[in-house]
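First up is the structure itself, then whatever we jot down about it.
Labels below follow one simple rule: chain letters A, B, ... track the order of the sequence lines, proteins then strands, and each chain is numbered from 1. Basis for what follows: all heavy atoms, side chains included, without hydrogens, waters or symmetry-related copies.
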Protein chains: 2
Amino acid sequence: MPPGEASEKWDPAHLMDLLWRTRPRGTRGPRGSLSLDEVVAAGVEIADEEGLAGVSMRKVAGRLGVTVMSLYRYVPSKEDLLDLMFEMATPEPTMAADWPTDWRGRLTAYAHEMRKLLVERSWMLDIPISTPPMGPHNFAWMDLALGAMADTPLTEDDKLGILILISGYAMNESRQIVSMNRAVARTGVSYEEWGEVYHRMLERATATGRFPALTRVVESEVFARSHATAEEDFDYGLSFLLDGVAALIAQREKG
Amino acid sequence: MPPGEASEKWDPAHLMDLLWRTRPRGTRGPRGSLSLDEVVAAGVEIADEEGLAGVSMRKVAGRLGVTVMSLYRYVPSKEDLLDLMFEMATPEPTMAADWPTDWRGRLTAYAHEMRKLLVERSWMLDIPISTPPMGPHNFAWMDLALGAMADTPLTEDDKLGILILISGYAMNESRQIVSMNRAVARTGVSYEEWGEVYHRMLERATATGRFPALTRVVESEVFARSHATAEEDFDYGLSFLLDGVAALIAQREKG
DNA sequence: TAGACTTCGTGTACACCATACACAGTTTTA
DNA sequence: TAAAACTGTGTATGGTGTACACGAAGTCTA
């Protein structure tokens, strides 16, 4: 390789080696007193307790009774640690028991499962994702959703598109739920009162007359009335997507 | 008020005052040499040039020729500054000219406009959003989308749900595009080659036989083949949503 | 007009943060 | 036995947001 040419670019394969624990490890020196899993697990613990902002290399090291710099023998950077935490926090999907048999039921269950995970471990949504999914657990989830559509006449192209669409929807909806939960925690205003508060803000803003369509929504008191549960809201949007899938399936069956 | 009761909670109304420039300003002391708009604009400039990570209070102050701490006379915290930047970076929607007349065309245009903005100013997606939209420009966008459905028999409840759904979709899709752009920038691997690279990673992973449905997708070479443009991908998912909206409209017309 | 009151910008200081680097100790291979 | 490779550690660098105290400057009230 010509010198100076390879301007030190980042290689996604390194991350994959970390995720799959396939990093070649020389046999020479002393074996580490820790394992990659222990380091990542410590990070996950802290994130579960204090959120992602609480995860610092110092705290991870402290929890393991080790100096900060020794962590870098296991993980190239904090960014990689976060990617590894995301993978570890994604559970192996185990839905054999009550797993429905029709594609619609399965995709619904999949979306719900994803939302449940992301709302519980909301710090996962705070991790800046810099690559497409590459870890084994994440692949397993993809496989699950794709498998849900196995009995349909959809093309593989279709399935992939739908997978992305539904995952995106679940992430998005989770993001909103989480942001609402945090607002509640931070303000001390209850979940129910927040609709009231937002309603008043909108009233103040629409009083200028600049937002006619928004004004009509506000006047309909959607915000002020006690609203549907987050679960219902989620299913509402999901049904839109699944109707679209159904239509596509019908089309593929015909053609 | 009983002492010790109000345990110093965060008040969203303060943020709204900032966003609407309605913060009461005493008339006593000297007038500031800067304005809130100048501070926020400086932040936006830096974000445009270096991304959100480049925005620090020190750099903003430096750009304005002022000490760091003086910024806190205009903005309570960096978090608020970011919220203000989000609002300022959202342009006043001006789509009078080629604005379609049917709801479907309008919602499509809306979604495209949103995607364009978020991909251009990708740092907006990096801002941790902690409240529902409260700024004038954000309200204007909401109004636009709601107004797009004015001629339909949808209830105000429906419209709000659809607004959230479509905005969420646009944000989500933008997030993916941006993350791809960043991967390209960081690895030096071209946009086209990335499919190739990811394909090989998937091949390696599916070789274990653990992911049957994923294997079928990989074997179909969806990733390896040069793929649809991001624009086409976007419209693909959007059509799903809009079909759902059409179905709901038909239903409301009947009932 | 004098003094009280506010608000300004500034400098200093603190408690963090990620990580580059050199080093000494330990383990394995040639 | 010596070389090589890998380990954990301490130190150091250059960042981060913001609390606090200060003097200067402007505006209101008596």
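- Residue order along DNA chain D, read from the 5' end via each residue's closest nucleotide, puts Arg25(A) first among Arg25(A) and Gly65(A).
- With Thr90(A) contributing its side chain and Phe86(A) its backbone, the two residues share a donor-acceptor pair below 3.5 Å.
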Working note: Glu193(A) + Ser190(A), criterion side-chain hydrogen bond (donor to acceptor under 3.5 Å, both in side chains); need CA distance, chi angles, decisive distance, verdict. CA-CA 5 Å; Glu193(A) 284 168 316; Ser190(A) 81; 3.2 Å; yes
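- Side chain of Thr67(A) to backbone of Ser70(A): no donor-acceptor contact under 3.5 angstrom is found.
- Between Tyr72(A) atom OH and dC21(C) atom P the separation is 13 Å, expressed in whole Å.
- Proximity of Ser33(B) to the phosphate of dG9(C): a side-chain N or O atom is located under 4.0 Å from OP1 or OP2.
- Qualifying ring-ring contact (aromatic ring centres under 6.0 Å, His included) partners for Trp141(B), counting only residues two or more places apart in sequence or in other chains: Tyr110(B).
- Between the CG atom of Leu71(A) and the P atom of dT9(D) there is a distance of 10 Å, rounded to whole Å.
- Looking at residues 50-64 of chain B, you'll see that no heavy atom sits under 4.0 Å from any atom of DNA chain C.
- Side-chain nitrogen and oxygen atoms of Ser70(A) include at least one within less than 4.0 Å of the OP1 or OP2 phosphate oxygen of dT9(D).
- Atom NZ of Lys78(A) is separated from atom P of dA20(C) by 15 Å (rounded to the nearest Å).
- The residue among Val68(B) and Gly29(B) whose nearest nucleotide of DNA chain C lies closer to the 5′ end is Gly29(B).
- Looking at heavy atoms from C-beta onward, Arg210(A) lies out of side-chain contact with Thr215(A) at the 4.5 angstrom threshold.
- Applying the salt bridge (charged side-chain N to carboxylate O under 4.0 Å, His left out) test to pairs two or more places apart or on separate chains, those with a residue in residues 115-129 of chain B are Asp48(B)-Arg121(B), Arg115(B)-Glu231(B), Asp126(B)-Arg182(B).
- dC16(C) atom C1' lies 15 Å from atom CD1 of Ile46(A), rounded to whole Å.
- Comparing Arg73(B) and Met69(A) by the nucleotide of DNA chain D that holds the closest heavy atom to each, the one mapping nearer the 5' end is Met69(A).
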